[in-house]
Amino acid sequence: MAKAKKEKANQNEDFLTKEAKEGQATAEAYTLDIPEDEIWTYQVEGLQAPHVNLPFKNAGIKKVIFVVALLIAIGVAIYLSVRAVHKDPYEFKALDDGTYELVKFNNPGDVTEITFDYFVDNETGEKDYSKPISVIDEFAINCDETITKITFGKDVREIHGASIYSCWWINYVDIDDENPYYCDIDGVVYTKDLTELVFFPTAYYMHLKAINGYDEFVNQWFGIIEDSGATYDEEFWAGFDSAVRTYVVPSTVTKIGQLALAYSKNINIYIPEGVKTMGSMAVFKNESLQNLYSYTTDEVISDTTYKAIDSMANVYDSLPEGLEYIGSDCFYYCRQLGYMYVPASVKYIGHHAFWDMCYKDGKEIKGMLEINLGADEDTFKSETETGDQWRPWYDYMLFKKSIDINYSAARR
C-alpha cells in the first residue's frame with residue numbers, strides 16, 4: 001500500500017512539473033522583448049505612437065484658441081444670466097393692421113395698478129398713441145403677486161381666456177367705456193353684449209370687503225378674525241358670506257369662458273338657465289365653493305350681488321337645464337361642492353371635468369361621492385361624448401375606484 005502511494009505521489013509531481021514547464025514555455029512565447037528605454041515609444045501596429053516627451057505642433061495657437069473659446073463661453077453665460085434677471089417690462093408683437101399684441105408684461109416689482117392701451121417704449125417708458133394694443137396674449141400677465149388692478153384700453157378686441165393667470169391679488173379689472181368689445185360690471189370682465197363671462201378677478205373678495213365695510217373686521221384670509229373686540233356670530237358670518245362671497249352671473253350670459261371663475265373664493269355662485277357652455281377650467285380649483293345654484297328669471301338681471309336673488313323666479317341646485325358643454329377640468333378640485341346634477345341636455349363632458357372632487361381622509365371618503373345624470377344610461381352613453389377620467393377616482397384598497405353615477409336621476 002505504501003509503495004502504491006509513493007508511486008502516485010511521484011506521478012503527481014511529474015504532472016505538475018510538466019504543467020509548469022509548459023506554462024513557462026507559453027509565457028516565454030508571448031513575452032515581447034522590448035528594451036526598457038524604448039517601452040514608451042513602442043507602437044502597436046495600426047495605432048499612433050505614444051506622444052511622450054515630444055513637442056506638439058502649433059501648441060501656442062491651440063492654446064490661444066482654447067482660451068478665446070473659454071472666454072466667449074463665460075461671456076455668453078454672464079450675458080444670459082443678466083438677461084434672465086433683468087427683463088424688459090413689456091413684450092409686444094406688431095400685427096398686420098398696425099395694432100399691437102401684448103405678449104408679456106414683466107412686473108419690475110413695484111407696479112400695483114397698470115393700464116394696457118398703447119405700445120410702450122421700454123427704454124423711455126413713453127406710450128406711442130399711434131400704436132394701440134388690440135390683443136392680450138395667453139399668459140401675458142402671469143404669476144404676478146403685486147398687481148391689484150388692471151385697466152384695458154378702448155381698442156382691446158381680444159382677451160385670451162388665460163391672459164391673466166395665477167395673479168393672486170388682482171381684485172378689479174376696468175374696461176374703457178369706449179371699448180366696443182368688452183365691458184366690466186364692477187370689476188368683472190364680460191363681452192360687451194353681456195353674453196360671456198370672461199374673467200373674474202381671483203382676489204375680487206378684497207374689493208367686495210372694502211365696499212361693504214368688512215375690512216376692519218376680517219383680514220385677508222377668511223375665518224381669521226382681527227382682534228378688534230367685535231362680536232362675531234352666525235348672523236355676522238351669514239351677512240359677510242352674502243355680501244363678499246356670493247356672486248350672481250347676469251341672466252344674459254350664455255357662456256362661462258375658460259378659467260373665468262377659476263380660483264375664486266366664492267361660497268355661493270348663481271348661474272342663469274340660459275348658459276349653454278362652461279369652458280375648460282371654468283370653475284377650476286374653486287376650493288371654497290359649497291353651493292352651485294341655477295336660476296330662472298322673468299326679467300333681465302344685471303345685478304351681480306346677493307340682492308339679485310330676490311328678483312329670481314326659481315332657484316335650484318347645480319347645473320342649469322339647457323347646458324350642453326362642460327369643458328375639461330371644469331370643476332377640478334372643487335372639494336367643498338358635495339352635490340352635482342348634470343342635465344340630460346349636456347352632450348359633451350371634457351377630460352377630468354370633475355377630477356379630484358372626491359378624496360380619502362383616513363378611512364373616510366369625502367367630497368363628491370356621486371354624480372347624478374338626468375339622462376338614462378343608454379342615452380347618455382350613445383349621445384354624450386366624454387373625455388378620459390371625466391369623473392373622480394378615490395383610493396379603494398389597492399385600486400382606484402370611480403365614484404358612482406346615478407342615471408335617470410331627479411334633481412333634488
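All values reported here derive from a predicted model rather than from experimental measurement.
- Residue D97 places its CG atom among more than 12 non-hydrogen atoms of other residues, nucleotides or ligands, all under 6.0 Å distant.
- Here the closest non-hydrogen pair linking N179 and D155 is ND2-N, 4.3 Å.
- Under the rule for a ring pair (Phe, Tyr, Trp, His ring centres under 6.0 Å), Y341 has no partner lying at least two apart in sequence or in another chain.
- A salt bridge is absent between D376 and K381: the closest approach of a Lys/Arg side-chain nitrogen to an acidic carboxylate oxygen does not fall below 4.0 angstrom.
- The closest side-chain heavy-atom distance from V188 to Y247 is below 4.5 Å.
- Using a 4.0 Å cut-off between charged nitrogen and carboxylate oxygen, D177 and K154 do not count as a salt-bridge pair.
- Remark: S280 OG to L259 CG distance equals 6.5 Å, nearest 0.5 Å.
- Using bins of under 30°, 30° to 60° and over 60° for the plane-to-plane angle, the ring pair F119/F92 lands in the tilted bin.
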**Message:** With salt bridge (Lys or Arg N to Asp or Glu O under 4.0 Å) as the criterion, how do E364 and K360 come out once you've worked through the C-alpha distance, each side chain's angles and the decisive distance to 0.1 Å?
**Reply:** CA-CA 6 Å; E364 185 179 0; K360 197 169 184 179; over 6 Å; no
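- In terms of the side-chain contact (heavy atoms from CB on, under 4.5 Å) criterion, residue partners of T386 (sequence neighbours excluded) are, by chain and number, I349, F380, T384, W390.
- Between K347 and E383, at least one side-chain N (NZ, or NE/NH1/NH2) sits under 4.0 Å from a carboxylate O, which counts as a salt bridge.
- With a 6.0 Å cutoff to the six-membered ring centre and a 45° limit on the axis angle, K285 counts as a cation-pi contact of Y333.
- In this structure Y190 satisfies the ring pair (Phe, Tyr, Trp, His ring centres under 6.0 Å) test with no other residue, sequence neighbours excluded.
- Judged by distance alone, with hydrogens and angles left aside, the side-chain atoms of T195 form no donor-acceptor pair with the main-chain N or O of T254 at under 3.5 Å.
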**Request:** Would you please test T148 and W169 for side-chain hydrogen bond (donor to acceptor under 3.5 Å, both in side chains) and show each step?
**Result:** CA-CA 5 Å; T148 59; W169 300 112; over 6 Å; no
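- Taking the six-membered ring for Trp and thresholds of 30 and 60 degrees, F240 and F236 have nearly parallel ring planes, at less than 30 degrees apart.
- Considering only residues two or more places apart in sequence or on other chains, F139 meets the ring pair (Phe, Tyr, Trp, His ring centres under 6.0 Å) condition with Y165.
- For T246, the side-chain contact (heavy atoms from CB on, under 4.5 Å) partners are N268, Y270, Y306, not counting sequence neighbours.
- Tested against Y204, the residues N266, N171, D186 include a single side chain to side chain donor-acceptor pair (under 3.5 Å) partner, D186.
- No more than 12 heavy atoms of other residues, nucleotides or ligands lie within 6.0 Å of CG in D388, so this atom counts as exposed by the packing criterion.
- Side-chain contact between Y118 and D128: absent, with no pair of heavy atoms (C-beta onward) separated by less than 4.5 Å.
- Each of I271, I309, I301 was compared with Y295 under the side-chain contact (heavy atoms from CB on, under 4.5 Å) criterion, and only I301 meets it.
- Here the side chains of I326 and L319 are in contact, with some heavy-atom distance below 4.5 Å.
- Pairing each heavy atom of R411 with each of P320, the nearest pair is NH2-C, 4.4 Å.
- Interatomic distance, M206 CE to K265 NZ, rounded to the nearest 0.5 Å: 10.5 Å.
- Listed here is the closest heavy atom pair of G187 and P201: O-CG, 3.3 Å.
- With sequence neighbours left out, the ring pair (Phe, Tyr, Trp, His ring centres under 6.0 Å) criterion links F105 to Y90, F116.
- Summarising the local packing, NZ of K307 is surrounded by 12 or fewer heavy atoms from other residues, nucleotides or ligands at distances under 6.0 Å.
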**Message:** Set out, in order, the CA-CA distance, both residues' side-chain angles and the distance that settles side-chain hydrogen bond (donor to acceptor under 3.5 Å, both in side chains) for E273 and Y316, then state yes or no.
**Reply:** CA-CA 10 Å; E273 194 170 80; Y316 52 89; 2.6 Å; yes
